[in-house]
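Take a look at the structure below.
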There are 2 protein chains.
Amino acid sequence: MLRALVVDDDRVLADVVAFTLRREGFEVIQAFDGETALQRWAEEQPDLIVLDINLPRLDGFAVCREIRRQSDTPILLLTVRDDEDDIVHGLELGADDYITKPFSPRQLVARAQTVLRRAGKKPARAVRQVGQLTLDPGRREIRLGQGEPISLTPLERRLLDYLMLNAGYVLTAEAIIEHVWGQEGGDRDMLRQLVRRLRGKMARVEDQGDSSAGDLDSAVSPRIETVPGLGYGLVVDSGS
Amino acid sequence: MLRALVVDDDRVLADVVAFTLRREGFEVIQAFDGETALQRWAEEQPDLIVLDINLPRLDGFAVCREIRRQSDTPILLLTVRDDEDDIVHGLELGADDYITKPFSPRQLVARAQTVLRRAGKKPARAVRQVGQLTLDPGRREIRLGQGEPISLTPLERRLLDYLMLNAGYVLTAEAIIEHVWGQEGGDRDMLRQLVRRLRGKMARVEDQGDSSAGDLDSAVSPRIETVPGLGYGLVVDSGS
DNA sequence: CAAACCTGTGACAGAATTGTGACGAAAATC
DNA sequence: GATTTTCGTCACAATTCTGTCACAGGTTTG
């Protein structure tokens, strides 16, 4: 899992950023001033840094410079609109990109992914794999082994992503619902439908990918298991 | 060790570029005006030239033309976004690729490496090719195989350029919008229209280029695929 | 055993997304 | 200054996605 360090003295904004990134699968670490930021950066070695310019104790530029001196961790600057100087200065110091406040969560995510992709981390291509099942989030499709890929809808992708992330564990319906639909809007009926549809596609993927290699791995196809009264989990039953 | 000549009258920016390239292992030579640039180029015979357009004493175009007259050293142009003319003109004069300011250090490195890699193989400039589809940014037109070229508008060119650069990958609508329109001003409606228009021209190009050579490559024509809920991608489906 | 509950299934319709065509303002071109 | 090109906006059609409902089978509970 990719980890991000969010540095902003405005706690509300920092929380928004953190929430947005977490929803995208990041593990988020926070810092509210420059010195702490450097410290946490050294401790945690995150994959991405979202950095505000105006910071107490040590401003964003200094933080940026110091980090750049030691590593090339991708840095995404938070700046106010219309401050060309800040942007240019920041980029000169080695920041990878910037985003102007106010920004939408979508913009933030897009920037983060762009920066990471350029850095070679390729989160967009960070395929998840469980058994022979592969999920390509950047393309939103699954495939089994070398079989034909089958595309997923946004909700299906989120569900499978979450299940694959916790493969082998059973997740409660509530947890899944909140992860897929967000704070509100979730419903057990909806989850049942979603599981149903995803199962259908996984079965189809299985048919297509299974033909070749009847040797050892062919049977390793994960499936969504129901645990009555609790929720669902992704299991890989090897043969039997 | 590869040597690069960085030409920019903005010393701060020149230093940033130099610093970035040095970190990548280049030996960097600098020049701050056009005449000095030509002189140092003649003396040093660098492997790569990073060239700003606005220069005192002799502008970037003149420098580019002069260098091209004598050699095919890779030239990477520094331009401001939104100045299509500069880009087109520069590429027509023989520059290999361009990068728009402000750019991140990583972008610069990526472009530099691409240009160098290309230079090692063929003398071609910044033509992008996917399947049988060719985009010549210098002329702002596309063609399929040997068919009649069809010209693109600036926005269409940017979109196709971006898609071809990431051929085979699906790009999110946000990422595309940001790349085509910049930080603000993008809109899903606008993107839909742009895709539509580009698709139209690609279809036209297909009609024209398809007539000859019905052998093997005739069917290899990329098309813009839409992934609902995500975005678009350029795919080359080889027959079937 | 029956009732209550949970889960899987299928059909369906509303919502959301995307494709298409037309129009007109703004910009480029002549 | 007139004409053409470019591009954003709107309205609407087609497609895809997703929530709702009803019902069937199975399990637990009283």
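Everything numeric here is computed off the predicted structure, so don't read it as measured data.
- Nucleotide C:dT7 holds its P atom 14 Å from the CD1 atom of A:I224, rounded to whole Å.
- The phosphate of C:dT17 (OP1 or OP2) has no side-chain N or O of B:Y232 nearer than 4.0 angstrom.
- The shortest heavy-atom contact between B:L78 and B:D8 is CD1-OD2, 3.6 Å.
- Distance, A:E156 CD to D:dT18 C1': 10 Å, rounded to whole Å.
- Between the base of C:dG19 and the side chain of B:R196 there is no donor-acceptor pair shorter than 3.5 Å.
- In terms of phosphate contacts, A:W181 brings a side-chain nitrogen or oxygen within less than 4.0 Å of OP1 or OP2 of D:dG19.
- Between A:D189 and A:L155, the residue anchored closer to the 5' end of DNA chain D is A:L155, taking for each the nucleotide with the nearest heavy atom.
- The residue B:L194 sits apart from the nucleic acid: no heavy atom pair falls under 4.0 Å.
- Closest to the B:P228 side chain, of the nucleotides C:dT9, C:dT18, D:dC7, is C:dT18.
- At distances below 3.5 Å, at least one donor-acceptor pair connects side-chain atoms of A:E156 with backbone N or O atoms of A:T153.
- Within 3.5 Å, a donor on the side chain of B:Q193 pairs with an acceptor on the base of C:dG21, or the reverse.
- Side-chain contact check for A:T226 and A:R199: at least one donor-acceptor pair (N or O, by modelled atom type) lies under 3.5 Å.
- For A:M190, counting side-chain heavy atoms from C-beta on, the closest listed nucleotide (D:dT18, C:dT9, D:dG19) is D:dG19.
- The phosphate of D:dT18 (OP1 or OP2) has a side-chain N or O of A:T153 nearer than 4.0 angstrom.
- When the P atom of C:dT18 is taken as reference, atom CG of B:D187 falls 12 Å away, rounded to whole Å.
- Between atom CE of residue A:M202 and atom CZ of residue A:R223 there is a gap of 9.5 Å, rounded to the nearest 0.5 Å.
- Applying the 4.0 Å criterion to OP1 and OP2 of C:dT18, one finds that B:R188 has a side-chain N or O inside that range.
- None of A:L159, A:V227, A:I176 except one satisfies the side-chain contact (heavy atoms from CB on, under 4.5 Å) rule with A:L171; the exception is A:I176.
- Between C:dG8 and A:R199, a contact under 4.0 Å exists linking OP1 or OP2 to a side-chain N or O.
- For A:T226, taking side-chain heavy atoms from C-beta onward, the closest of the listed nucleotides D:dC10, D:dG19, C:dT7 is C:dT7.
- One can place CD1 of A:I177 at 15 Å from C1' of D:dT18, the figure rounded to the nearest angstrom.
- A:V180 approaches A:R158 most closely through the heavy-atom pair O-NH1, 2.7 Å.
- Among the heavy atoms of the strands lying under 4.0 Å from B:R197 is at least one base atom, whether or not backbone atoms are also near.
- A:R158 places its CZ atom 9 Å from the P atom of D:dT18, with the value rounded to the nearest Å.
- Atom pair A:L191:CG and C:dT9:C1' shows a separation of 15 Å (rounding to whole Å applied).
- Between A:L230 atom CG and D:dT27 atom C1' there is a gap of 16 Å when expressed in whole angstrom units.
- Taking atom CG of residue B:L159 and atom C1' of nucleotide D:dC7, one finds them 14 Å apart after rounding to whole Å.
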